[in-house]
Number of protein chains: 2
Amino acid sequence: MEFKEAKNKFVQTWGALGSQWGINKTMAQIHALLMVSNEAVSMEEVMEELQISRGNASMNLRALMDWGIVYKEYKAGERREFFTAEKDLDELAVKIARERSKREIKPALKILKEVSSIQSNNTAEETQFIEQTTKLYDFVLKADNVLDKITEYKDNWLTKLVVKFMK
Amino acid sequence: MEFKEAKNKFVQTWGALGSQWGINKTMAQIHALLMVSNEAVSMEEVMEELQISRGNASMNLRALMDWGIVYKEYKAGERREFFTAEKDLDELAVKIARERSKREIKPALKILKEVSSIQSNNTAEETQFIEQTTKLYDFVLKADNVLDKITEYKDNWLTKLVVKFMK
DNA sequence: ACAAACTTTCATTTATTTTTGAAAGTTTAA
DNA sequence: TTAAACTTTCAAAAATAAATGAAAGTTTGT
């Protein structure tokens, strides 16, 4: 396999993975492309490499910056903007984890708390509902807290987790 | 908030979450419905509660069984099949983690290994590509191993993780 | 062996999500 | 202040994913 083919395969694969994880395909592809580029990439180049429209490139680059995993760069004497991806994987994973916690887990917790707090009429049905949603609330809360703690380490959290856990 | 409203809210919320996580909305809703039911539910009831067609119910129940988080149950003297969800959350999370590892992480690792193994012509571009995809491979492999180890505990793995990690 | 009771399949339809591209907006340099 | 160079927005179009429902398939009791 030669370079171009490998690069393309990587971008495609990362894109497909993204869509299984609630991130859209193009967004994941752009991220993949930037991550393996040795220097900052212009919007024009992104459009060219991925064969996408200007609007699409603009919106997804913006979204990636909102996630905090792609940065704008300005080059001296250049009017255009260039983009780079977060390349440190510990940092990348931490940012993704935090963002998903904020966007998905926290709101879900709020709802779980609400629905598990109804007062029961003591039918078997309602008792089961309250019991299960309460358990879910506790579980998700605990998981979210663990995530928080783990990502506090930032550098090498994965390695530290391995060390802590394997012994 | 009264019971029916709470139940509906829970099912809707779980469904929306599902679609952000690569599981389709109906599949997640059915799972939510079964999880808070005190007894096994027939396909007819699922259709009725969620207002979905027979085909849809059948396909998604099947998919949930493929994931190993919904079970068929037979009642004496009843021709129909009934369904229950895995209610133990440790067990549920373990099954989901294992399934996603098998379906998504393992295939991604295979590709990462492939693309990171091209031989370089020593351009800066290719060097960067190989370096970054190699790092990714190592990272994802390590993460997958940690997941494996954690889910081996099965019972109370989350609690055990908290204990190990907080001290 | 038949038929009633039930489940699965899959071609078609429907709904949702993503993409496009042209117009509007912004920034910079002269 | 003007215009060139660039980016963003968003309504409409295209692509993708999910749902429907009728027909085919299966199982069970008589």
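These figures come from a predicted structure and were not determined experimentally. Labels below follow one simple rule: chain letters A, B, ... track the order of the sequence lines, proteins then strands, and each chain is numbered from 1. Because only heavy atoms are used, hydrogens play no part in the values below, and waters and symmetry mates are left out as well, while side chains stay in.
- Here B:K135 pairs with B:E131 in a salt bridge; the nearest charged N to carboxylate O distance falls below 4.0 Å.
- Contacts classified as side chain to side chain donor-acceptor pair (under 3.5 Å) and involving residues 55-65 of chain A (residues at least two apart or in different chains) are not found.
- The distance between atom CG of B:L50 and atom C1' of D:dA18, rounded to the nearest whole Å, is 15 Å.
- Contact check on A:R103 versus A:E99 returns a salt bridge, with a Lys/Arg side-chain nitrogen under 4.0 Å from an Asp/Glu carboxylate oxygen.
- Within residues 76-85 of chain A, the residues approached by DNA chain D to less than 4.0 Å at the level of any non-hydrogen atom are A:R79, A:R80, A:E81, in residue-number order.
- Both B:L147 and B:W21 sit in one connected hydrophobic cluster of ILVMFWY residues. Membership requires side-chain heavy atoms under 4.5 Å apart, directly or through other members.
- Atom CG in A:N24 sits roughly 12 Å away from atom P in D:dT16 (whole-Å rounding).
- Because its NZ or CZ atom is not both nearer than 6.0 Å to the ring centre of A:W67 and within 45° of the ring axis, A:R98 does not count as a cation-pi partner of that residue.
- A 4.0 Å heavy-atom criterion places the boundary nucleotides of DNA chain C facing chain B at C:dA4 to C:dC10, written 5' to 3'.
- Salt bridge B:E49/B:K7: present, at least one basic N to carboxylate O contact under 4.0 Å.
- Residue pairs meeting the ring-ring contact (aromatic ring centres under 6.0 Å, His included) criterion with at least one member in residues 72-125 of chain A: none, sequence neighbours excluded.
- A salt bridge links A:K9 to B:E114: at least one charged side-chain nitrogen sits closer than 4.0 Å to a carboxylate oxygen.
- With respect to A:E81 and A:K75, no salt bridge is recorded, no charged nitrogen being found less than 4.0 Å from a carboxylate O.
- Contact annotation: B:T26 reaches the phosphate of D:dA19 (side-chain N/O to OP1 or OP2, under 4.0 Å).
- Looking at residues 51-75 of chain B, you'll see B:Q51, B:I52, B:S53, B:G55, B:N56, B:N60 sit with a heavy atom under 4.0 Å from some atom of DNA chain D.
- Here A:F3 pairs with B:F129 under the ring-ring contact (aromatic ring centres under 6.0 Å, His included) rule; sequence neighbours left out.
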